[in-house]
Amino acid sequence: MKKFAVAAALLSAAIASPAMAADGEARVEVRGGYVTGSGLDDATLGVAAGYDFDLGTAFAGAEIAGDKVLADGEDVLFSAGARAGVNVSE
């Protein structure tokens, strides 16, 4: 299981790209990762959805997400958040 989780985490990092919504559009992303520490050593998988607002050379948006540690007995963790950034290319 550990070898699979490490391989999945490395593959996720290798093919990951930011979910950029164009000029005020909705976006959906699938994400994966690996957590370790505090007795936990497992892969994670999640999904997020949000909306970005075009502010000219910058953007701002809101998102909701659900993430799950891929281990028996772990619950899905839900979150809500915001993001902001600067457009560096067209």
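Keep in mind it's a predicted model, so treat the numbers as computed, not measured.
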Participant: Are R27 and E25 close enough for a salt bridge, meaning some N to O gap below 4.0 Å?
Facilitator: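 A salt bridge is absent here (no side-chain N lies under 4.0 Å from a carboxylate O).
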Participant: Heavy atoms, side chains only, cut-off 4.5 Å: are N87 and D54 in contact?
Facilitator: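 Of all side-chain heavy-atom pairs linking D54 with N87, at least one is under 4.5 Å.
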Participant: By side chain to side chain contact (heavy atoms under 4.5 Å, CB included), which residues pair with L45, not counting sequence neighbours?
Facilitator: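 If we apply the side chain to side chain contact (heavy atoms under 4.5 Å, CB included) test to L45, skipping adjacent residues, the hits are V30, L70.
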Participant: Can Y51 and E63 be said to form a side-chain contact (heavy atoms from CB on, under 4.5 Å), step by step?
Facilitator: CA-CA 7 Å; Y51 191 88; E63 76 175 17; over 6 Å; no
Participant: Looking at every heavy atom in both D52 and G61, which two are closest together, and how far apart are they?
Facilitator: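 Nearest pair, atom of D52 first, then G61: OD1-CA, 3.6 Å.
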Participant: Has the side chain of T44 got a donor or acceptor atom that lies under 3.5 Å from a matching backbone atom of G32?
Facilitator: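 No, the answer is negative, given that no donor and acceptor are paired below the 3.5 Å cut-off.
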Participant: Do F59 and V86 come close enough that some side-chain heavy atom pair is under 4.5 Å?
Facilitator: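 No; the side chains remain at least 4.5 Å from each other.
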Participant: Around I64, counting heavy atoms of other residues, nucleotides and ligands shown, do more than 12 lie under 6.0 Å from its CD1?
Facilitator: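 For I64, atom CD1 is not crowded (no more than 12 foreign heavy atoms under 6.0 Å).
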Participant: Please walk me through it: do D75 and K68 pass salt bridge (Lys or Arg N to Asp or Glu O under 4.0 Å)?
Facilitator: CA-CA 6 Å; D75 294 329; K68 167 106 171 72; over 6 Å; no
Participant: Listed by chain and number, what are the side chain to side chain contact (heavy atoms under 4.5 Å, CB included) partners of A71, not counting sequence neighbours?
Facilitator: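 Scan of A71 (side chain to side chain contact (heavy atoms under 4.5 Å, CB included), adjacent residues dropped) gives D42, V69, E74.
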Participant: Set out, in order, the CA-CA distance, both residues' side-chain angles and the distance that settles side-chain contact (heavy atoms from CB on, under 4.5 Å) for V76 and D67, then state yes or no.
Facilitator: CA-CA 6 Å; V76 175; D67 294 288; over 6 Å; no
